Enquirer: 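Before we start, here is the structure in question, set down as structure tokens.
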Amino acid sequence: MRMSRLFGKTLRQTPAEAETPSHQLLLRAGLVHQVAAGVYAFLPLAWRTLQNIERIIREEMDAAGGQELMMPAIHPIELWQASGRDQAMKDILFRFSDKRDREFVLGPTHEEVIVELFKRNIRSYRDLPLLVYQIQQKFRDEPRPRGGLIRLRQFTMKDLYSFDTDFEGLDLSYRKMYEAYIRIFDRCGVPTIPVLADSGAMGGRDTHEFIYLTEYGEDTCLLCPKCGYAANADVAAFVKEPAHTAEEPKPIEEIPTPGLYTIQALADHLGIPTSKTCKAVFYSADGEPVFVAIRGDMDVNETKLSRALRTVDLHYMSEDEVVAAGFVPGSAGAVGLKGVRIIADDLLPREVNLVAGANKPDAHLLNVNYGRDWQADTLTDIALAVEGSLCSATSDKQGECRTPMDVRRGIEMGQVFKLGTFYAEKLGATYLDAEGKQRPAVMGSYGIGTERLLAAVVEANHDERGIIWPAEITPFQVHLVALQPERDEVGTAAEKLYGRLQTDGFAVLYDDRDETPGVKFNDADLLGMPLRVTVSPRTLEKGSLELKRRSEAESELVPLDEGPSRIKASLAS
RNA sequence: CGGGGCGUAGCGCAGUUCGGUAGCGCACUUGAAUGGGGUUCAAGAGGUCGCCGGUUCGAAUCCGGCCGCCCCGACCA
């Protein structure tokens, strides 16, 4: 490709809308263009890279036994009503009607459609296991697209679905995908770690997310430096210990606390740690008010809470809702509370003499004890793990690991789910086993977002000058720079080399523009091809070319006639 | 959806306080010089000042409404 003809222009200044390095570089290198919030166009350099990413994914999916197919982006709403996900995912579904007022959705994912296909084509256990995938556009009306390509509303996903006869088969399919994912991210030059995750609106049991750790990520993970436990904060377990066990329970006592509306203010006033208090939080669970109690120094994990309540729509109550539900903000407490569901963190029964709201304005209670003074309708783990929380992973030999965990941000590069029989039962994906009995297929689903992967590749492979493309996904292998190409000897030598390298099968970007050396070198660094080859009056005087790898600072001169072989060798190493 | 910020040329910005008919740098076009890390000079082209309405002799600027985009949170495979 001649750079003078390349569609896409580099920018000297970074557009103000971009904050993360990957977003800034993608814009500055002229790779992408934003059309609307979370909607992007991909220019030739980006498109070549995305196709390389897709090629790697296809190779690994095929190697794992996957068969590629293609499903539509337009789905009749009935398909989504049948699974119930027209409600579960209603906030992110793009919906529309055709001219006969038929309702459709733009597919945010394809479990419903693949199950349809399964039903039409699979009858027998002999047809299983089945691994099918597609690389398809997904549409999700995300509440907040962000970070350039990190969270899009229209994006491309490789989604593979596995169907097995039983859970042992699912474990095997899951394992295959898990390993394929490790290879894919490795080949793309993005270091990822698998972490335990929440299955969210997808339903199902086991699930891992493949996380690329970066401060620009939107997911939070807890990592144990000792035993390797890794989990999304949504589901992270940890060891909870009572803070004050040596005390005897004391009689309850009401004290005036005007103006003390926060746990911190209350604890400061009384000269006690926040772990000596019981915090009240109000949620609306599918429209029902819920009183949530947790130790004052801890925060509620809404994913755990949502699971415990088995709710579809869970949200923090607004001021109005709190008042309407009859709660007393600032002094709410569970003691004597009636007519509302109470859910408490399972650590509370092990604490003694806590300070809690008196459930009337400007008053709190001292020495509140679970069991004696109040009880919850539901008692379970609803606490959020934080930096330093103790690892609760267990091994046969030592019991709980108990090492303080680290908190890191990360980007979710892919997720693998064991869906189980949820969709099969809901939508009727069954097969006949060897005894002629009808049984539900056991499903798994496995996704990778390609644009997000592109963003992570740039995030993980750049320096202050620009992108440094990993070998397998680079849009071009060689960036051929001709300095003063209008001079006959330079132009001739560069053109000849350009032709020769292409004949030899290299992908070459040839900077044939009439620009100064500084401009060309800076663009070469910004665009980030692995190998820069310079032809100039200066190199030709010595009968040579200059080779410089993007990842290294030094360059070397090689004789003209050795050019092609040296370039080949350099790219192979 | 809550909080914050921003919309003036392709990109980065000034001008808005105090109303007088739009400017700077980069990029772009033409010419010349230069030629190994965003070189220089000269001459150009390019703007419904996000949109609608109002006030006014006159609105980028004041008033009202709306829209879009970014960030934090909520939410989210």
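Numbers restart at 1 for each chain; the letters A, B, ... are given by sequence-line order, proteins then strands. These figures come from a predicted structure and were not determined experimentally.
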Enquirer: Under 6.0 Å between the ring centres of A:Y446 and A:Y181?
Expert: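 A:Y446 vs A:Y181: aromatic centres not under 6.0 Å.
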Enquirer: How close do A:D286 and A:R310 get, heavy atom to heavy atom, and via which atoms?
Expert: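 Nearest heavy atoms, A:D286 then A:R310: OD2-O, 4.5 Å.
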Enquirer: Work out how far the P atom of B:rG47 is from that of B:rU56, and round it to whole angstrom.
Expert: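 Each nucleotide's P atom is 32 Å from the other's.
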Enquirer: A:L26 CG to B:rC70 P: how many Å, rounded?
Expert: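 In whole Å, B:rC70 P and A:L26 CG are 15 Å from each other.
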Enquirer: Which value, in whole Å, describes the distance between the C1' atoms of nucleotides B:rC26 and B:rG20?
Expert: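 Comparing C1' positions in B:rC26 and B:rG20 gives a spacing of 31 Å.
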Enquirer: Please confirm whether the shortest side-chain N or O distance from A:R144 to OP1 or OP2 of B:rC71 is below 4.0 Å.
Expert: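 Yes, A:R144 has a side-chain N/O under 4.0 Å of OP1/OP2 on B:rC71.
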Enquirer: Measure the distance from CD on A:E19 to P on B:rG4 and round it to the nearest whole Å.
Expert: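 From A:E19 CD to B:rG4 P: 18 Å.
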Enquirer: Calculate the interatomic distance between A:K9 atom NZ and B:rU29 atom C1'; express it in whole Å.
Expert: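 Interatomic distance, NZ of A:K9 to C1' of B:rU29: 12 Å.
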Enquirer: What does the B/S/- profile of nucleotides 33-46 of chain B look like, 5' to 3', with a 4.0 Å heavy-atom cutoff to protein?
Expert: --BBBBB-------
Enquirer: Classify the nucleic acid contact of A:A16 as base, sugar-phosphate or nothing, counting any heavy atom under 4.0 Å across all strands shown.
Expert: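 Sugar-phosphate, backbone atoms only, no base.
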Enquirer: Just to verify, which of A:R532, A:R549, A:K548, A:R566 counts as forming a salt bridge (Lys or Arg N to Asp or Glu O under 4.0 Å) with A:E556?
Expert: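 Answer after filtering A:R532, A:R549, A:K548, A:R566: A:R566.
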Enquirer: If you measure from the C1' atom in B:rA59 to the same atom in B:rG19, how many Å do you get, rounded?
Expert: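 Pairwise C1' distance, B:rA59 against B:rG19, rounds to 6 Å.
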Enquirer: For B:rG38, which nucleotide is its Watson-Crick or G-U wobble mate, given both distances must be under 3.5 Å?
Expert: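 Pairing partner: none.
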Enquirer: What's A:G147 touching, base or sugar-phosphate or nothing? Going by heavy atoms closer than 4.0 Å.
Expert: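 It contacts sugar-phosphate atoms only.
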Enquirer: Please state how far atom CZ in A:R409 lies from atom C1' in B:rC71, giving the value in whole angstrom units.
Expert: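 Going from A:R409 (CZ) to B:rC71 (C1'), I get 13 Å.
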Enquirer: Just name whichever nucleotide pairs with B:rG25, Watson-Crick or G-U, keeping both distances under 3.5 Å, else none.
Expert: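 Partner of B:rG25: B:rC11.
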Enquirer: Taking the C1' atom of each, how far is B:rC63 from B:rG25, in whole Å?
Expert: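 Pairwise C1' distance, B:rC63 against B:rG25, rounds to 34 Å.
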Enquirer: When you match A:Q415 and A:H315 each to their closest nucleotide on RNA chain B, which lands nearer the 5' end?
Expert: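 Final value for this comparison: A:H315.
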Enquirer: Side chains of A:Q134 and A:H110: any donor to acceptor distance under 3.5 Å?
Expert: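 Side chains of A:H110 and A:Q134: pair found under 3.5 Å.
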Enquirer: If I take atom CD in residue A:Q24 and atom C1' in nucleotide B:rC70, what distance separates them, rounded to the nearest angstrom?
Expert: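 Interatomic distance, CD of A:Q24 to C1' of B:rC70: 13 Å.
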Enquirer: Hunt down the Watson-Crick or G-U wobble partner of B:rG19, both distances under 3.5 Å, from any strand shown, or write none.
Expert: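 Answer to the pairing question: none, since B:rG19 forms no Watson-Crick or G-U pair.
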Enquirer: Expressed in whole Å, how much space separates the C1' atoms belonging to B:rC69 and B:rG50?
Expert: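 Those two atoms are separated by 10 Å.
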Enquirer: For B:rG73, give its Watson-Crick or G-U wobble partner with both distances under 3.5 Å, or none.
Expert: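 B:rC1 - that is the nucleotide pairing with B:rG73, both distances being under 3.5 Å.
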Enquirer: Between B:rU30 and B:rG7, how many Å separate the two P atoms, rounded to a whole number?
Expert: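 These two P atoms come out 34 Å apart once rounded.
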Enquirer: Let me know the distance between CG of A:D91 and P of B:rC1, rounded to the nearest Å.
Expert: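 Interatomic distance, CG of A:D91 to P of B:rC1: 11 Å.
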Enquirer: Could you state the CG-P distance from A:L27 to B:rC70, rounded to the nearest angstrom?
Expert: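 After rounding, the gap between these two atoms is 11 Å.
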Enquirer: Is it the case that the ring center of A:Y178 lies less than 6.0 angstrom away from the ring center of A:H208?
Expert: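 Yes; A:Y178 has its ring centre under 6.0 Å from that of A:H208.
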Enquirer: Just by modelled atom types, is the A:E489 backbone N or O under 3.5 Å from a matching donor or acceptor in the A:T492 side chain?
Expert: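 Answer holds: no.
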Enquirer: Expressed as a whole number of Å, how far does the C1' atom of B:rG3 sit from that of B:rA74?
Expert: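 To the nearest whole Å, 11 Å.
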Enquirer: Calculate the interatomic distance between A:I211 atom CD1 and B:rC76 atom P; express it in whole Å.
Expert: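 These atoms are roughly 16 Å apart.
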Enquirer: Find the partner of B:rG47: check Watson-Crick (N1-N3 plus N6-O4 or O6-N4) and G-U wobble (N1-O2, O6-N3) distances, both under 3.5 Å, and reply none if neither fits.
Expert: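 Base partner found: none.
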Enquirer: Under the criterion side-chain hydrogen bond (donor to acceptor under 3.5 Å, both in side chains), I'd like the reasoning laid out for A:E111 against A:S83: C-alpha separation, chi angles, the key distance, then a yes or no.
Expert: CA-CA 9 Å; A:E111 279 80 5; A:S83 69; over 6 Å; no
Enquirer: With a 3.5 angstrom cut-off on both distances, give the Watson-Crick or G-U wobble partner of B:rG58, or none if there isn't one.
Expert: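 WC or wobble partner does not exist here.
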Enquirer: Given the structure, check if the side chain of A:R151 and the base of B:rC76 hold any donor-acceptor pair shorter than 3.5 Å.
Expert: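 Indeed, a donor on one side and an acceptor on the other fall under 3.5 Å apart.
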Enquirer: When the P atoms of B:rU17 and B:rC11 are compared, how many Å lie between them, rounded to an integer?
Expert: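 My reading of the P atoms in B:rC11 and B:rU17 gives 26 Å.
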Enquirer: Could you please name the option among B:rC69, B:rC76, B:rA27 that lies closest to any side-chain atom of A:E142?
Expert: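 Shortest atom-to-atom distance from the side chain points to B:rC76.
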Enquirer: Does the plane of the ring in A:F282 sit parallel, tilted or perpendicular to the ring in A:F327? Use 30° and 60° as the thresholds.
Expert: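 Correct class here is parallel.
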Enquirer: For residues A:E459 and A:H462, determine if any side-chain heavy atom of one lies less than 4.5 Å from a side-chain heavy atom of the other.
Expert: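 A side-chain contact exists here, since the closest heavy-atom pair is under 4.5 Å.
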Enquirer: Need one value for A:Y446: base, sugar-phosphate or nothing, where a base atom within 4.0 Å counts as base even if backbone is also close, heavy atoms only.
Expert: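 If one applies the 4.0 Å heavy-atom cut-off, A:Y446 turns out to touch nothing in the nucleic acid.
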Enquirer: Taking only the side-chain heavy atoms of A:P143 (C-beta and beyond), determine which of B:rC69, B:rG12, B:rA74 contains the nearest atom.
Expert: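 Looking only at heavy atoms from C-beta outward on A:P143, the closest nucleotide is B:rA74.
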